[in-house]
Engineer: 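Please read through the structure below; I'll follow up with questions.
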There are 2 protein chains.
Amino acid sequence: MIRRIPARTQTERSDATTARLLTAARRLFGADGYHATSIEAVASAAGVTKGAAYHHFRGKADLFRAVFTREQEAIADTLERVAAQSPDAWAALTQGTRTFLEHCLDPGFRRVVLLDGPAVLGWDGVREIECAHTLRVLSAGVRAAADAGLLVAGDLDARAQLVFGALCEGGMLLARADDPARALVGVADEARLLLGALRA
Amino acid sequence: MIRRIPARTQTERSDATTARLLTAARRLFGADGYHATSIEAVASAAGVTKGAAYHHFRGKADLFRAVFTREQEAIADTLERVAAQSPDAWAALTQGTRTFLEHCLDPGFRRVVLLDGPAVLGWDGVREIECAHTLRVLSAGVRAAADAGLLVAGDLDARAQLVFGALCEGGMLLARADDPARALVGVADEARLLLGALRA
DNA sequence: TTGACGGGCATACCCAGGGTATGTAAGTTC
DNA sequence: GAACTTACATACCCTGGGTATGCCCGTCAA
């Protein structure tokens with residue numbers, strides 16, 4: 001009834017199934033939200049059964065955590081590349097905020113990372129993962145700017161966190177707009193204004 | 001088995017039951033979160049059965065919405081009082097942020113409003129309610145400051161929203177601290193710094 | 001006062017869905 | 001190639017959201 005995934009070695013089979021589950025989960029969680037997505041639906045979309053899902057993940061929340069982590073890895077990776085291409089620490093910050101806001105145009109990203117993430121994983125759970133990815137890049141950017149003497153003194157970690165909160169809210173905000181692409185410019189302007197507060 | 005609520009008139013009975021349900025729901029949602037709280041547990045804590053809960057509320061999400069709205073009313077009320085007592089528009093903003101952060105020290109408030117709210121009601125649902133309460137007060141404060149010529153030009157609504165996002169994140173942040181009362185000062189300082197960005 | 005009506009609530013039930021126990025085929029190791 | 005492990009499928013349990021129904025008691029008209 002279920003088409004078996006062809007693979008010679010076991011690790012190949014395992015990896016392939018895990019990948020398919022993650023892909024399906026990201027699609028369904030992103031489209032319908034955590035609550036409205038059942039494990040069985042994910043498994044079915046991945047071409048396997050619940051048993052397979054529970055073999056690779058401890059439960060629904062664990063599967064979600066994996067999807068969430070992947071999203072974090074992706075955005076952090078993008079941001080790091082943007083920062084590397086920026087001429088200076090300040091440009092890295094401003095361009096990074098714009099890149100993050102653009103990323104928020106993806107409804108799946110918003111749903112998984114901004115809406116369901118905190119409720120499912122708890123704030124500490126989300127923060128732990130974010131600290132290793134998005135927040136790490138942002139903090140590094142803030143610290144680099146501070147080292148360059150561009151920022152006023154203060155609690156840099158708290159500062160990065162507050163800015164991050166503002167950005168997430170901005171991401172949700174522009175998604176609601178009739179013309180998100182145009183709203184992005186306005187929100188990015190306001191965000192840049194806020195960042196300007198931190199300049200020495 | 002279930003103690004009946006003594007009340008002569010029907011509206012009295014109805015109001016009393018609704019109030020008890022809301023109180024119990026706020027306690028349980030706040031302590032255990034939306035998902036881990038069952039309707040039956042809420043009803044039981046209120047001294048009634050599921051039937052009563054479903055008589056007064058359309059479902060679990062509707063009950064949660066009522067709790068969420070009450071929280072919004074409470075905080076907006078407090079903020080409005082603080083603003084009224086402030087000598088000028090700028091003091092109202094800075095003192096308001098501090099009051100909001102203090103409010104975030106309540107775990108139930110954080111859980112209901114900041115963590116579960118968006119996931120259960122959706123961002124639009126949350127925003128709709130917030131626009132009528134907390135965000136209304138904040139926007140009014142920002143607009144008052146703008147009218148007084150204290151702020152640089154820009155999209156004031158987007159600005160208020162971004163600041164709000166930063167504050168919510170700050171509220172979660174200081175709750176994690178070993179000494180929240182002391183962390184509050186630091187976060188409030190950073191928030192004030194961000195607000196400073198908006199001064200003309 | 002009384003009888004019909006409706007609101008307030010309890011009880012009993014349905015069923016979707018998260019989680020578990022167990023069976024089985026295929027890969028792995030000695 | 002036999003013992004063992006891994007990667008699943010199948011069958012099942014049970015919590016919990018939601019609904020259908022019936023009873024009790026205010027309410028209101030005659």
Side-chain angles (χ1 to χ4, degrees), chain A residues 1-25 28-29 31-68 116 119-122, chain B residues 1-25 28-29 31-68 116 119-122:
Chain A
M1 186 215 284
I2 296 280
R3 287 193 71 82
R4 196 160 301 279
I5 299 171
R8 310 212 167 282
T9 151
Q10 291 215 74
T11 56
E12 273 175 6
R13 274 180 69 189
S14 190
D15 289 351
T17 302
T18 302
R20 295 177 60 149
L21 281 170
L22 282 175
T23 302
L28 295 179
F29 282 148
D32 307 330
Y34 180 80
H35 181 73
T37 300
S38 70
I39 293 265
E40 211 168 302
V42 172
S44 171
V48 293
T49 64
K50 261 171 56 171
Y54 276 96
H55 180 72
H56 291 285
F57 300 94
R58 283 203 245 176
K60 194 181 177 185
D62 191 48
L63 174 58
F64 180 85
R65 180 191 307 274
V67 170
F68 183 91
D116 286 338
V120 175
L121 306 174
Chain B
M1 189 216 282
I2 296 280
R3 288 192 69 83
R4 195 159 301 278
I5 299 171
R8 311 214 166 279
T9 153
Q10 291 214 76
T11 55
E12 272 175 7
R13 273 179 69 188
S14 188
D15 289 350
T17 301
T18 302
R20 296 176 60 149
L21 280 170
L22 282 175
T23 302
L28 294 180
F29 283 148
D32 307 329
Y34 181 79
H35 181 72
T37 301
S38 70
I39 293 266
E40 211 168 304
V42 171
S44 171
V48 293
T49 63
K50 262 170 57 171
Y54 277 96
H55 181 74
H56 292 284
F57 300 94
R58 284 203 242 175
K60 193 181 178 185
D62 191 48
L63 175 57
F64 181 84
R65 181 191 307 275
V67 171
F68 183 92
D116 287 337
V120 175
L121 307 174

Engineer: Report yes if at least one side-chain N or O of B:T49 is closer than 4.0 Å to OP1 or OP2 of C:dC9; otherwise report no.
Structural biologist: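 Looking at the OP1 and OP2 atoms of C:dC9, neither is under 4.0 Å from any side-chain N or O of B:T49.
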Engineer: Could you tell me the separation between the NE2 atom of B:H35 and the C1' atom of D:dG16, rounded to a whole number of Å?
Structural biologist: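 Interatomic distance, NE2 of B:H35 to C1' of D:dG16: 10 Å.
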Engineer: Which is true for A:T11 with a 4.0 Å heavy-atom rule: it touches a base, it touches only sugar-phosphate, or it touches nothing?
Structural biologist: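 Nothing, no nucleic acid heavy atom in range.
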Engineer: Just to confirm, is there a sub-4.0 Å distance from OP1 or OP2 of C:dG27 to any side-chain nitrogen or oxygen of A:T9?
Structural biologist: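 Checking A:T9 against C:dG27: no side-chain N or O falls below 4.0 Å of OP1 or OP2.
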Engineer: Whole angstroms only, please: what is the CD-P distance between A:E12 and C:dA26?
Structural biologist: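 Taking CD of A:E12 and P of C:dA26, I get 17 Å after rounding.
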Engineer: Heavy-atom distance under 4.5 Å between the side chains of B:H56 and B:T17, does that happen here?
Structural biologist: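 A side-chain contact under 4.5 Å exists here.
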Engineer: In this structure, how many angstroms lie between the P atom of D:dG26 and the CG atom of B:D15, rounded?
Structural biologist: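 Distance check: B:D15 CG to D:dG26 P gives 16 Å.
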Engineer: Which nucleotide wins on minimum distance to the side chain of A:K50, given the candidates D:dC8, C:dG19, C:dG8?
Structural biologist: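 Between D:dC8, C:dG19, C:dG8, the one nearest the side chain of A:K50 would be C:dG19.
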Engineer: Measure CD1/B:I39 against C1'/C:dC13 and give the value in whole Å, please.
Structural biologist: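 So the two atoms are 17 Å apart, to the nearest Å.
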Engineer: What N/O pairs connect the protein and nucleotides 1-5 of chain C at under 3.5 Å? Give each pair on its own line.
Structural biologist:
none

Engineer: Under the 3.5 angstrom rule, does the side chain of A:Y34 hit a backbone N or O of B:A119 as a donor-acceptor pair?
Structural biologist: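 A pair under 3.5 Å: no.
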Engineer: Output yes when a side-chain donor or acceptor of B:T37 lies under 3.5 Å from a complementary backbone atom of B:D32, and no otherwise.
Structural biologist: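 Side chain of B:T37 to backbone of B:D32: no pair is present.
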Engineer: Test your reading of the model: is there a side-chain donor-acceptor pair from A:K50 to the backbone of A:S44, 3.5 Å cut-off?
Structural biologist: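 It does not hold such a pair.
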Engineer: List for me each residue that meets side chain to side chain contact (heavy atoms under 4.5 Å, CB included) alongside B:A25, sequence neighbours excluded, and say none if there are none.
Structural biologist: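 If we apply the side chain to side chain contact (heavy atoms under 4.5 Å, CB included) test to B:A25, skipping adjacent residues, the hits are B:F29, B:V42, B:L63, B:V67.
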Engineer: If I take atom CZ in residue B:R13 and atom P in nucleotide C:dG7, what distance separates them, rounded to the nearest angstrom?
Structural biologist: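 Nearest whole value for this atom pair: 13 Å.
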Engineer: Report yes if some heavy atom in the side chain of B:L121 is under 4.5 Å from a heavy atom in the side chain of B:R65; otherwise report no.
Structural biologist: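 Yes. Closest side-chain heavy atoms under 4.5 Å.
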Engineer: Side chains of B:F68 and B:V120: does their closest heavy-atom pair fall under 4.5 Å?
Structural biologist: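 No. Closest side-chain heavy atoms not under 4.5 Å.
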Engineer: Short of 4.0 Å, heavy atom to strand atom, which residues of residues 55-63 of chain B count as contacting DNA chain C?
Structural biologist: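 Within this stretch, B:H55, B:H56 sit under 4.0 Å of the strand.
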Engineer: If you measure from CD1 on A:I39 to OG1 on A:T49, what distance do you get to the nearest 0.5 Å?
Structural biologist: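 The distance works out to 11.5 Å.
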Engineer: In whole angstroms, how far is the C1' atom of D:dA11 from the OH atom of A:Y54?
Structural biologist: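 In whole Å, D:dA11 C1' and A:Y54 OH are 15 Å from each other.
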